[in-house]
Amino acid sequence: MPELPDVEIFRRYLDATSLHQSIERVRAEVDVLKDISVRRFEKTLKGKSFEGTRRHGKYAFVSLGEAPWLLLHFGMTGFLKYYKNNEKAPSHVRVLFTFQNGYHLAYSCQRKLGRVKLVDDPARFVRSQGLGPDALDPDLGADAFKQAIKGFGGSVKSALMNQQLIAGIGNIYSDEILYQAGIFPKQPVAQMDEKILDRLYEAVKEVLMTAIDVQADPEQLPDTYIIPWRHGEGRCPRDGSPIERLKVSGRSSYYCPQCQSSGRQN
DNA sequence: ACATTGACCTGAGAGC
DNA sequence: TGCTCTCAGGTCAATG
């Protein structure tokens, strides 16, 4: 789940459920905490309240009204859930906040690849990680986008997934973006002309915004999207040809060999 | 120097 | 049923 659209939905979910309530209790597992002990983490957050959220790429930042900020990263399997009764609790809860009203906000992460930590300042964290501009940053226009990925020596799919160039796009949505733009995943960035790069830029914005509009729920994506068909006997929603799979920088990439001809050699 | 690989975790599903 | 193997939307350190 947790690429830019998913994290944006988590962020809004936290805003809608968990702001301005005193945190009465904090429970955390050591596995997902980064650079801080369980004891110090719990002590820092107890008695505080969440006052607002921000997002950059796949990272969510939660304001406590003053430094530090709570940083949430969801790995491959993380999500948030707000609930009152324990039978509603998800499995694999790694961090649990309990508010004064008796409700809980759980950070669940089955595979423990997510990270939770405290940071002094979101902007500084983004800089220290070397993250590129957020893919949906309004300031990221076509020219800035092309500037960001120009000079990358690998394939267009690796470029899209490289958080140092543009932040927020992962394996799933890069496939969708390339499908919508009609580009072969392995096409080298160096071989892409202005026209194709413009098409790619439009697809980035279009796909990510569309996903957010439907709460990042794959079932609700437009019929013309390939994401719902990436497993099993998937067929291209445009022309019905079988969807193929290949490895690009170690990740499975699903694509339509007919529709995504730009940059495909043979 | 830069792009790609393997390791890190756990669980689900396929095949035997 | 139970075992083994592969795969899964994340990053980061090691490698060519």
Side-chain angles (χ1 to χ4, degrees), chain A residues 1-11 28-35 55-60 71-80 90-95 107-117 119 125-126 128-132 134-135 148-180 185-192 204 207-208 210-212 214-221 225-234 243-255:
Chain A
M1 285 190 216
E3 297 182 35
L4 187 153
D6 312 279
V7 177
E8 176 63 17
I9 298 305
F10 297 158
R11 185 189 75 73
E29 278 185 22
V30 65
D31 313 280
V32 297
L33 289 190
K34 186 109 168 129
D35 309 325
R55 183 191 55 73
H56 189 106
K58 301 171 189 171
Y59 293 91
L71 168 68
L72 301 174
H73 184 271
F74 298 92
M76 286 170 85
T77 54
F79 64 93
L80 298 175
S91 47
H92 314 294
V93 174
R94 309 302 180 191
V95 181
Y107 166 92
S108 164
C109 191
Q110 183 210 110
R111 285 172 67 189
K112 299 182 179 177
L113 295 174
R115 286 294 174 260
V116 173
K117 63 185 274 183
V119 297
F125 173 81
V126 167
S128 71
Q129 291 291 108
L131 295 178
D134 184 82
I149 69 168
K150 204 172 284 182
F152 185 76
S155 68
V156 59
K157 167 133 169 159
S158 314
L160 285 178
M161 291 198 301
N162 188 321
Q163 304 301 298
Q164 264 72 42
L165 306 181
I166 309 279
I169 301 165
N171 197 35
I172 287 277
Y173 284 103
S174 63
D175 276 3
E176 189 64 62
I177 288 161
L178 292 168
Y179 174 72
Q180 295 301 326
K186 277 193 169 169
Q187 174 163 46
V189 171
Q191 286 177 11
M192 298 172 72
V204 166
V207 166
L208 297 178
T210 300
I212 291 171
V214 300
Q215 322 297 314
D217 177 1
E219 308 252 308
Q220 293 183 54
L221 289 171
Y225 273 40
I226 198 176
I227 284 177
W229 311 109
R230 55 188 284 116
H231 294 297
E233 299 292 299
I243 290 165
E244 291 186 6
R245 184 175 90 162
L246 52 79
K247 289 263 184 205
V248 184
S249 56
R251 315 300 303 276
S252 284
S253 194
Y254 295 83
Y255 71 106

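So you know, we letter chains A, B, ... as the sequences are listed, proteins then strands, and number each from 1.
For A:Tyr173 and C:dG10, the shortest distance from a side-chain N or O to OP1 or OP2 is not below 4.0 Å. Side-chain N/O atoms of A:Ser252 include one lying less than 4.0 angstrom from OP1 or OP2 on C:dA8.
Not counting sequence neighbours, the partners of A:Phe74 by the ring pair (Phe, Tyr, Trp, His ring centres under 6.0 Å) test are A:Phe10, A:Tyr107. Shown here are the salt bridge (charged side-chain N to carboxylate O under 4.0 Å, His left out) partners of A:Glu176, two or more places apart in sequence or in another chain: there are none. For A:Phe125, the ring pair (Phe, Tyr, Trp, His ring centres under 6.0 Å) partners at least two apart in sequence or on another chain are A:Tyr59, A:Phe61. Judged as a side-chain hydrogen bond (donor to acceptor under 3.5 Å, both in side chains), and not counting sequence neighbours, the contacts of A:Gln220 are A:Asp217. For the side-chain hydrogen bond (donor to acceptor under 3.5 Å, both in side chains) test, no residue two or more places apart in sequence or in another chain qualifies with A:Arg115. Remark: A:Arg55 engages A:Glu8, A:Asp134 in a side-chain hydrogen bond (donor to acceptor under 3.5 Å, both in side chains) (not counting sequence neighbours). Listed by chain and residue number, nothing satisfies the side-chain hydrogen bond (donor to acceptor under 3.5 Å, both in side chains) test with A:Asn162 (two or more places apart in sequence, or in another chain).
Taking atom CD1 of A:Ile172 as the reference point, atom P of C:dC7 lies 15 Å away to the nearest angstrom. If you take NZ of A:Lys157 and P of B:dA3, they are 17 Å apart, rounded to a whole angstrom. Nucleotide B:dA1 holds its P atom 17 Å from the CZ atom of A:Phe152, rounded to whole Å. As a whole-Å value, the separation of A:Asn171 CG from C:dA8 C1' is 9 Å. Computed from coordinates, the A:Ile226 CD1 to C:dG9 P distance equals 14 Å when rounded to whole Å. Rounded to whole Å, the distance from CZ on A:Arg245 to C1' on C:dA8 is 11 Å. Between A:Tyr179 atom OH and C:dG9 atom C1' there is a gap of 19 Å when expressed in whole angstrom units. The CD1 atom of A:Ile177 sits 15 Å away from the P atom of C:dG9 (whole-angstrom rounding).
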Are any protein N/O atoms closer than 3.5 Å to N/O atoms in nucleotides 11-15 of chain C? If there are, list each pair with its distance.
unit_1 : atom_1 : unit_2   : atom_2 : d
C:dT11 : OP2    : A:Lys58  : NZ     : 3.1
C:dC12 : OP1    : A:Gln129 : NE2    : 3.1

Can you pull every protein N or O that's under 3.5 Å from an N or O on nucleotides 10-14 of chain B?
unit_1 : atom_1 : unit_2   : atom_2 : d
B:dT10 : OP1    : A:Lys112 : NZ     : 3.2
B:dT10 : O2     : A:Gln110 : OE1    : 3.4
B:dG11 : O4'    : A:Gln110 : OE1    : 3.0

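Spacing of P atoms, C:dG9 relative to B:dA3, comes out at 23 Å, to the nearest Å. To the nearest whole angstrom, the two P atoms, one in C:dT11 and one in B:dA12, are 23 Å apart. Separation of the C1' atoms belonging to B:dG11 and C:dC12 is 23 Å when rounded to the nearest angstrom.
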For DNA chain C, just give me the dot-bracket, please: Watson-Crick or G-U, both distances below 3.5 Å, ( ) intra-strand, [ ] crossing earlier pairs, | paired with another strand, . unpaired. .|||||||.|||||||
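Taking both residues in full, the closest heavy atoms of A:Pro90 and A:Ser108 are given as CG-CB, 4.2 Å, listed atom of the first, atom of the second, then distance.
Going from atom CG of A:Asn171 over to atom NZ of A:Lys157 covers 3.5 Å, rounded to the nearest 0.5 Å. Taking CD1 of A:Ile172 as the start and CD1 of A:Ile226 as the end, the distance is 10.5 Å to the nearest 0.5 Å.
Among residues at least two apart or in separate chains, there is no salt bridge (charged side-chain N to carboxylate O under 4.0 Å, His left out) pair with a member in residues 161-170 of chain A.
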Kindly list each side-chain donor-acceptor pair under 3.5 angstrom involving residues 28-35 of chain A, sequence neighbours excluded, with atom names and distances?
unit_1  : atom_1 : unit_2   : atom_2 : d
A:Glu29 : OE1    : A:Arg94  : NH1    : 3.2
A:Asp35 : OD2    : A:Lys117 : NZ     : 2.9

